[in-house]
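Every chain is numbered from 1, with letters handed out A, B, ... down the list of sequences.
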Amino acid sequence: MTTLALSEPRKSSHLLRNIGFVALPLVILLWSLTDLTLGRELVTWFPYLASGFMMNVVISLCAMTLGTSVGAVFGILELAPYRLVRYPVVAYVQVFRNAPHLVLIFATTYIFPFEIVVAGNYLPFPDWLKAVIGLAIPASAYVAEITRGAILSIPTTQWEAAKGLGFSRSQALRWIILPQCLRRSLPPWMNILASITMGTSLASLVGVHELLHAATDASTSVRRLDFTIIAYIVVMAAFFTLCYPISRLTRRLERRFNAA
Amino acid sequence: MQDTSMTSLFVDLTNRLGLNYEFLATGYEAQIWRDGFITTLYLIALLIPVSLIAGLLFAACLTSGRLWLSAPVRAFVEVTRNTPTLVQLMFSFLVLNTFVSNLVGGAQNNPLTPFFWVVAVVGLHIAALHAEAIRAGIEAVPSATVEAARGTGFSKLQILRYVEVPLAFRASLPAIVNNLINLVKLTTVGNAIAVSEITYASIMVWTQRDNVVSLMIVILLFFSLINLAVARIGLWVERKLAVPGYGL
């Protein structure tokens, strides 16, 4: 809770937050209404921008799905009792957790081939798929850290109790430890989701047709300063409407889990 | 003489491993590449104090209890946290920079370089994250401690200066170190507006020589090392500033 929210009555603080939420779309709407030629340009380009934004959402969802499934496995492997398994995974997590997203997107884009041969068929390997992998790598490293932390935060007595009940290590992990981890790791997982979603804009630098790329395209072909401004405000508003609810929900969940 | 033979030995050895570092032996490309490393290090060294000072100011505004101070900063923090840094950078560079150019009468008079915009945008972005961490820290200072300070006769500013900020800073240190690691990673967005930091310099090299893998290994190691150093220094500071009996 902010001091602001504490000192103000609850209703007006809600209003203030919601003003923050509608301010950007409102600016866009009012501006395009006062200058109708600008509004018309915006309406013309809107489908193009929307198709770009769809790409952001698709990349983000694919990267998170891939990153979460790989990361959860790696998090468990980080605690494996065998050094031969543990050390490479720990090294992977350390390197890719500290690597800039942009560098990883560059790496996957330039290192992977542009088509792959599967059973004699040439399958295209588009740039957006490479961006998905580029973002899934850091996502998997973060998820691995979260999973490891969550597993370690479960009291050891639970492991012992599970053992006492006749569960094997993997059974205890599957039926007792991991379900409890799920709740603890949800808020940090959502933080990663927001940061990966914002990271999708980096794919514009390797030529993926996403929102930022679409906005740059639109502003170079319209060549009007006010259109450029409004196009970038649209980009900001789009990302904000996607990420702000996630971060609000994260904070609420964090507070609830802390209280519990 | 010693230096060149070391380089050629390195190039030779890595060549046997299938990695291509031949550009190191040339003067021009190697120079660009080394400058890229130095630019990145310089950016980081500049951004850390900038972000910390701005973050402290934002946090002071957020906790001031005055609506006209806290509301704009709150709005700024929320927008910065929930939009991509790259979009902010492009917006600043393409829009604000054009405004400044128009104001001073032409781009040739504009004193603001791409480098400046990277420092401003990334610095303020991380400052917003710092501000949230420090604000949480200030709010976590026990009210009894503040009461005691007030009872001792401290003024409101003195309480902030001697009691709240030191304790809050200590409490928010782990989050701040985390933000600084983010900062190190964010310096790469400068690439988008042609600041010749390490990724930009590397693109220069690999478009000529097609040795992406070799350069990527070095870049990944470079960032791992810097972030390891940041994390270690952070841990050292945390230990130095440990508050006995405070659970920190």
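For the pair A:Cys243/B:Thr83, no side-chain contact is recorded, criterion being any heavy-atom separation below 4.5 Å from C-beta on. Annotation: side chain of B:Met216 is in contact with side chain of A:Phe106 (closest heavy-atom distance under 4.5 Å). Between B:Phe91 and A:Val235 the shortest side-chain heavy-atom distance does not fall below 4.5 Å. You'll find the side chain of B:Val79 reaches within 4.5 Å of the side chain of A:Phe240, heavy atoms only.
Note: B:Leu86 CG to A:Leu205 CG = 5.0 Å, rounded to the nearest 0.5 Å. Summarising the geometry, atom CG belonging to A:Asn98 is positioned 10.0 Å from atom CG belonging to B:Leu220; distances are rounded to the nearest 0.5 Å. From A:Ser201, atom OG reaches atom CE of B:Met90 across 10.0 Å, with rounding to the nearest 0.5 Å. Atom CG of B:Asn82 is separated from atom CE of A:Met236 by 12.0 Å, given to the nearest 0.5 angstrom. With values rounded to the nearest 0.5 angstrom, B:Gln88 atom CD is found 8.5 Å from A:Met198 atom CE.
Using a 4.5 Å cut-off between heavy atoms, B:Phe222 makes no contact with chain A at all. With a 4.5 Å cut-off on non-hydrogen atoms, B:Asp210 does not touch chain A at all. Using a 4.5 Å cut-off between heavy atoms, B:Val230 makes no contact with chain A at all.
Among the candidates B:Leu186, B:Thr188, B:Val212, the residue making the largest number of heavy-atom pairs closer than 4.5 Å to chain A is B:Thr188.
Annotation: A:Arg252, atom CZ; neighbour count of heavy atoms from other residues, nucleotides and ligands within 6.0 Å does not exceed 12. Residue A:Phe125 qualifies as enclosed at atom CZ: its count of foreign heavy atoms under 6.0 Å is above 12. With a 6.0 Å radius and a threshold of 12 heavy atoms from other residues, nucleotides or ligands, B:Phe223 has its CZ atom above the threshold.
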Margin query: Let's go through A:Ile229 and B:Phe99 carefully: what are the C-alpha distance in whole Å and the side-chain angles of both, what is the deciding distance for side-chain contact (heavy atoms from CB on, under 4.5 Å) to 0.1 Å, and is it a yes or a no?
Written below: CA-CA 11 Å; A:Ile229 297 173; B:Phe99 272 129; 3.8 Å; yes
Checklist line | Steps toward side-chain contact (heavy atoms from CB on, under 4.5 Å) verdict (A:Tyr232, B:Leu94) | finding: CA-CA 9 Å; A:Tyr232 281 101; B:Leu94 294 177; 3.1 Å; yes
